[in-house]
Each structure stands twice: as structure tokens, then as C-alpha cells.
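Because only heavy atoms are used, hydrogens play no part in the values below, and waters and symmetry mates are left out as well, while side chains stay in.
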Amino acid sequence: MTEKLGMDSQLAEKTNADRPKPAARAVLPMRHLAIRYGFLTLLFGLIVFFSLATRGFTSPQAAVFILQSVSITGILALGVTATLVVGGFDLSIGSIATSSMMAAAYVMVVLEQNALVAVLACLAIGALVGLINGLIICYMRVPDLLATLGMMFLLIGLQRIPTEGRSIAAGMTMPDGSTAEGTFSPAFLALGRHRFDFFIQNLVPASVVVLIVLAVLIWFFLEYTRFGRMMYAVGSNARAAEFAGAPVKAYKIWAYVISGVFASIGGILLAARLGRGDIASGNNLLLDAVAAALIGFAVLGAAKPNAFGTAIGALFVGVLLQGLTMMNVPYYTQDFVKGAVLVIALVFTFALLGRTR
Amino acid sequence: MGSATFRATFRIAGLRKSFGPNEVLRGVSLELRGGEVTVLMGANGAGKSTLVKIMSGIYRADRGVMMLGETPFAPSSPAEAMRAGVVTVHQNIDDGVVGALDVASNLVLDRFNGPGRGIFFNPRRTRREAREVAQRMGLSIDLKADLTDLPLADRQMVAIARAMAHKPQVMVLDEPTSSLSSHEANRLFSLIDRLRERGVAILYISHRMSDIRRVADRIVSLRDGAISGLFEDKPLDYEGAVDAMLGQSLGQSGIAARAATKPVFEARDLQLKPGATPFSLAVGAGEIVAVTGLVGVGKTLLSETVFGLQAPLAGAMRLDGTSYAPATPAAAIARGVFLVAKDRAKTGIVPDFNVYENMSLPFLPRLSRLGVTRRGTERAAARAQIADLKIVCRSERDDLATLSGGNQQKVTVARWLAQPSRLLVLDEPFQGVDISARHDIAAKLRGSAGDRATLIFLTELDEALETADRILVMSEHTLVGEHRNENVDMERLLADVAGGQVGAA
């Protein structure tokens, strides 16, 4: 924040003598274009490259496969974008997702409830955890990173307690020696396995539809509603937002609730895809989601968290990994590739944009 | 002032600096002489800060030379400039001090990095050295106190004291009094006098005429990145210097004091602080009331109380005849009470937003339908305000950070003028604003007063005399005087401001 204040006066001085000069004008748009559309051009270039270099990259099935591979991390990333917008951060999204996956399995397999109850239980967990995160951060004044880091640990432990560390699957043996009677309901599994017809039969998986709907929703919310605008104001200068009459704490808490709910939706889809509550899955969710949201800073030269950028960021990672896989690049290089993309995007955002603004 | 002191200790010739296409300095030449205070005047954006940053080693000049005595001076870092003997006290106080450390560490902060220092931190040595620095400057601050607990004025004294400890040849003071009370400013002035006697060349940058009259030996006016006037014949031609800085004469606006038609806002037996005397106050429709007084007498506290950021200890407020006790700013805004708060960078501006987004911030509920913002409406409203207040920008979609300080301030004022209000409160609306921007804002306030009550909190008497119909004086968290702005008895007004400590003012 202090950095911004310092910059403020310096920029004011710098740009005050800003009179359009014909000679300099010609140079600026090129640079401007590069910043604005550089990342999208890169994405397009990658797609062209992979479709030339590999066979079958451009088929509708391959496109859907990419979307499906990033759907869960994409949803988590969209949620964490909301917390980034208010100037916070949510490290607990990965463990909210896995907790919600375990909860869905537990509700259906052990408690023998139907799909609706399982979904509602997961959403409630996400909202509750988000609310607790928000309250701890706003009222107990715990810094966001630390509060959500603590919550992450807590949830990783908590999700193992009901089954004493076992994964949950139909017909599993309970700690007391009995056998669980419930099963994953077909309606629930459809969330992970059903495919909608879209020109081609059985093309689009439910998870991709959920991703697209949530992306459009959060994008519209952040860009076009007054609540979204206020959230950006809170993130940029909380005191100014307060002096403009905004309930700053309420906005922050809501951001964590949104993040929690989105993460729990990701968890539901994960459970539906796996068909079991697997304590070993979902390890990479947090890092992948955060990477997508941060890559999003570079899209369209926004230099700030934004829903469209986050979606493109997730897609970018998906396209890159899919293309490399099809070119027979070994799987163990994937994290390296993601990390490299993230570092480049961040350098692009902060070095390039920082200088021109 | 013997003839020996008249040799130039610091010379600048042909200094140029551009940021991208913007040429901020276009060939500045300047001499500073030992034992003299050279005042640099310039409107917002004239290039003052850039010049200071080049002198202090933050920026490098594109062209031109600086000479310190007989040696070329081209510092590549602030530390190098300081070691060479050119010391700068920056306008932004928190740039000069470290909040996480105590006063003693702050006083000797720069010595931690000097060559030949050990690896380990020695608290006793630090405190001993700090005590020496403090004593030499006549600073009476608890050395063990945390810096964040000090008022702004004391933090600045710490920054200055540390700079002084270097026995500088050249000292640059960038608007050093902008957050000091007049008593503290006087301490600073006597310090400057002592430095002048020791033969230090001082470059003093300020907007305040009272400061300039007090310290200036000569005045240099900067306009659009070039020197537009040099005044060194006694008595100094202050008006000429202002003219040179603005490039035009600004007639002193004669105010026709208006009387209120009916009361809009009343406060009865308001108590702001334990032990402070309760006071009452009324502001009427169409009236502009200035509350003046020194820094730290409770002006900001009163403005925040009216806006629902603070609850008064005792007393009641009424608005338009009904009880008014806002619990939050949102409640105050809903009743039509708006506050243009002090320190726009901290409380006013959203730096990531553009002009129209900044202007519509408090009124988004009114400007949106079913929660969805209506950009067309917002932008039209912003365009009207831009034209009204003569805000210099390319369009309402410019990022706020690209505007000059004065224009940013106009945006924060325009924000609250865009919607009708019952009571408009402004806390130091002219802070860091040049004279022409000040006149634009004041004229707009007077022109739009209409049915609204307006309450302005100002430290500078000149500003109060320029804008208000009635002037109230605050001292020690209570109101101590009232003057109608017509043939004001200046002596009595000043005595009120000094509030008993007449000798100090």
C-alpha cells in the first residue's frame, strides 16, 4: 500500500506534463497492443503450433478434454480470484475441495443419503469454512495468508477423522468392523460422468458446463455489479472504500464465502469423477488454481485479478499440458512447465505493466 | 551575510529529464549559495519533485550537470548523494522513517549501512548516538517510543534530525511544513536559521506563503519544467514570484459573505475528547462555514464525528430538524451528509480505478439497477463534473494515477459534488493543490452552495478567508471563536487561533 502511495505522487508529477507528442504517439500503440493482447496471442500461437505438430489436437473431443482437465482447478481459481480482488488470499481452497469430496462420499456411503443431500452438505461446508476464514481475518485481525494456511491444515486433518484415515468407497469396512451399506447415487455420479450433446452426441461433460456457468457468473458479478466494483475498491484502497460508505469487512467476508463455495463445488465434481472419497487425491489443486488466477493478471494487460484472465489462465495451462503430452513429453515435467508459465506471466505483469502505468 | 558566503556551493546547469514522451524538466539552471535559503515555487506538475529526486539521487538526469563546489555531482543512489553532502527531507514523511523501529534506531538508521560497521546491532551504542543527534537538534521525543505511536509532526522531526546529523552542505526540504502545526513549524524555522548561520545552502520547496515570507532569502519560480523567474532583490517580490509560477495574475477573490437562510445542521453540547469543553454549532442552508485552527486541535475528529466514523462522547446532532446520529459512513451518506476526507491518497482515491469509477464510488447503489452498474450514466455524470471543475484529463476513462495531484484532488471533491447533499463536509480540501486548482474548487463550492450547508476544515487562514461566509476557530477540541467573513478583525482571529498561547503564534 505504501508503495502505491509513493508511486501516486511520482506518477502525478510524471504525467502532468503529458501533452500528446506526434513523434512518440506512433511507438506507444505497438507496446500497448503487445501488453494487451500478448498473452492471448501466445495462447493462439500455442494452439496453432500444437495442431500442426501433433495429430488430433484440433478435434472437438480434444478441446473438450482440455476443458475437462482444467474444470476443477478452474472453478477453484475463479473462487480464489474473488479473494484476490478484495486484496486477500485463500490458501484453504484445495483442502476445502478435498474435504467436500470426503464429505460427499461420507454422506452417501456411510449416512446413506441421496445426491441432493450430499451436494447441499458440501456447499454448506464450503460456505461455513469461508465464513470462518472471513471472520478470523476481519475480526481477529489474523493476516489472510496465515489464517487460511491454518484452516488448510485443520481441514486436511479433519477430513480423515470420521473414517480414521481410510478412503471412502461403497462396501468399505468401517472402523467398528461393520460394512458401509450406502453407495454413490447415480444422480451424483452423473455430475462427473454425464456428457451433454453439443452438435456431436455425448460431447460436453457436466463439469465443463459447471465451469463455464460459474465463470460467466463470477465475471459478470465482478465486472458489472456494484458489489463487484466495491470489492475491487476494497482491494485497492480499503480506507477509501470505507470513507465512501462501503461495509468493508462484509465485502471481505463475502469474498471468502464465495471462495469456499466455489472450492466445495470443485470438490463435488472431484468426488463425482472419482466415484469414491480418496484421501490421496487433490494434492495439486491449490497450486494449480492459484497459478491460473495469477497467470490471469497478465491477460489483456489487466495487472489485477480478474475472472476472464483466470479462465484464460486455466485454459492456457490446460492447452500447454495437453499439447506437450501429445508430443510425448513425460508427465513428470508438468509441474516444471506450469511453474515456468507462472513465472513468465508474473514477470510480464509486474515488469512490463509496472513501467508503463 | 558576508561576501564570502556568496559563492555558489551548488550549481545546476541545463538539467533535462523526460519520462517517455513527457519532458518534465526542460533545461533547469539554478545556483544555491551557502548560508542562503532559496525557495522553489512551482504549481503542481511543474517538475519540483523530479528536480528534488534528481538532486537526491533517486532519478538520474538525461542531460545537464550538477556541481557541488568544484566537483561534479552525479549521485547514483540516495546514499551516495547523502555521503557527498546533499541531504533531502522528502514530502512524504513515511518515506523518511521506518515504522517498525523505535525512535532511537530511526535517528541513526543510515549509520547501520555505512562502511566499517560491525555485523551486530548494539542497542546501547545506538541509543547513545541517537541521544547525541536528538540533543543537537533540540528534539524532545522519547527515544524508546515506537515510531508508529508518534504523531506525524514528530515523525517528520525525526527524519529531519537524522538528515541534519550528516552536517550537510546542501539541504533540500520538500514541503516540510505540510503536516506541522505552527508551533512545530516555528521549531523547524529556527532550525533552518541555525543551518543558515553554519553556511548550509538550503533549497526550500513550499506552497505556503507564510512559510515563504518567513524563510526566503531568494525565490526561484519553476513553471513547466523551466525556471520562469528569479527574485533576489530585497524586499522580495512575492506576488511577482507567484505570477511567474502561474504565468498569470490571480486576483484576490473578494468574498461577499452570505447569511444562512435556515439551519440545516446543528450540534449541541458536542464533546469530542475526555476533558474537552463541549461546544455547539449550527450551519445553515446556502452557507459556507470554515472551521480553522492549528493541526491537532480536533478538526479531523469533528469531521469524522459528523460523518459517522466516530461517535461523540457526549452531545447530540440534528439534521433538517430531526435527530442525526450516524453509526457508519453509509448511514451518513444516506442522510445526505458527505465528507471529502483529508489525505486523499489514504482515504479518497482508489488508485486502480479510473476517473469515473472513482467519482461514482459512494453512489453505486443509486447509480445501478438491481445491483448492475450503469456505466453510461456514471460516465455522463463524470463528464459533467470534469467540465464543471476544469479537471485536466483526456477522458473520464483515464486512470486516476495519470492525473496530477491537483486534478486528483478535484476528482475527490467532484465525487461528492456529483450528487445533491444536505451537509457537505470538506477536511483540508486544498492540501497539496496549486493556487489555480484551489480557486477552481473554491469557486465551485461557492457556486453550488444552493440549499446545502457546507462545512470546511482548514488550517490555512488565507484559504478560509478566500472561501467561507463565516469562520469558526477551534482550539483544544472545542470552538473558541466566530467571525463573519466581512472586515475580519485579523488580530482577534489570530488570537483565537493561538488559543491562549498568543506568544507562539
Side-chain angles (χ1 to χ4, degrees), chain A residues 1-28 31 85 87 220-250 302-306 355-357, chain B residues 19-24 44-50 53 91-92 94-95 224-225 307 309 328-334 339 341 344-353 357-358 360-365 367-368 370-373 375 392 394 399-408 415 432:
Chain A
M1 194 89 331
T2 47
E3 188 186 335
K4 272 184 187 153
L5 297 182
M7 227 170 68
D8 177 48
S9 62
Q10 163 188 339
L11 278 171
E13 186 79 31
K14 205 158 55 173
T15 46
N16 189 260
D18 189 9
R19 280 168 219 87
K21 288 214 190 94
R25 282 270 132 159
V27 189
L28 276 176
R31 189 189 174 86
V85 165
F220 184 81
F221 176 79
L222 288 175
E223 298 294 322
Y224 290 99
T225 70
R226 64 183 171 94
F227 311 105
R229 180 87 67 81
M230 263 311 177
M231 281 169 69
Y232 273 111
V234 167
S236 180
N237 186 347
R239 221 164 139 63
E242 187 193 353
F243 274 67
V248 170
K249 284 180 176 159
K304 61 181 184 186
N306 67 100
R355 226 179 304 157
T356 50
R357 276 184 113 207
Chain B
F19 294 100
N22 305 324
E23 196 170 29
V24 177
N44 292 319
K48 301 180 306 269
S49 303
T50 307
K53 283 179 176 149
Q91 182 180 8
N92 190 347
D94 289 326
D95 284 356
D224 284 343
F307 193 54
L309 284 156
T328 60
I333 294 169
L339 170 68
R344 67 166 178 275
K346 284 206 182 102
T347 59
I349 279 173
V350 178
D352 289 349
F353 278 14
E357 287 169 334
N358 262 291
S360 45
L361 194 64
F363 304 114
L364 282 175
L367 293 170
S368 23
L370 297 173
V372 180
T373 53
R375 293 180 188 213
V392 182
R394 264 166 291 174
D399 271 349
L400 206 72
T402 64
L403 268 58
S404 74
N407 282 306
Q408 291 185 3
R415 168 194 288 176

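Across B:Val392, B:Leu309, B:Leu370, B:Thr328, the residue that shares the most heavy-atom pairs under 4.5 angstrom with chain A is B:Leu309. With chain A as the partner, the residue from B:Ser360, B:Gly348, B:Pro365, B:Pro329 showing the most heavy-atom pairs under 4.5 Å is B:Pro365. Contact count against chain A (heavy-atom pairs under 4.5 Å) is highest for B:Thr347 among B:Thr347, B:Val372, B:Leu364. Counting heavy-atom pairs closer than 4.5 Å to chain B, the top-ranked of the candidates A:Glu223, A:Met230, A:Arg229 is A:Arg229.
B:Leu361 touches chain A through backbone and side chain together, each having a heavy atom under 4.5 Å away. If you measure heavy-atom distances from A:Phe220 to chain B, the contacts under 4.5 Å come from the side chain alone.
The heavy-atom pair separating A:Ala240 from B:Val350 by the smallest distance is CB-CG2, 4.3 Å. Taking all atoms of both residues into account, the shortest heavy-atom contact from B:Ser368 to A:Arg226 is OG-CD, 3.1 Å.
Side-chain contact between B:Leu339 and A:Phe243 is present, with heavy atoms from C-beta onward closer than 4.5 Å.
Partners of B:Phe363 according to the ring-ring contact (aromatic ring centres under 6.0 Å, His included) rule, which considers only residues two or more places apart in sequence or in another chain, are B:Phe338, B:Trp416.
The backbone N or O of B:Ala345 sits less than 3.5 Å from a side-chain atom of A:Asn237, completing a donor-acceptor pair.
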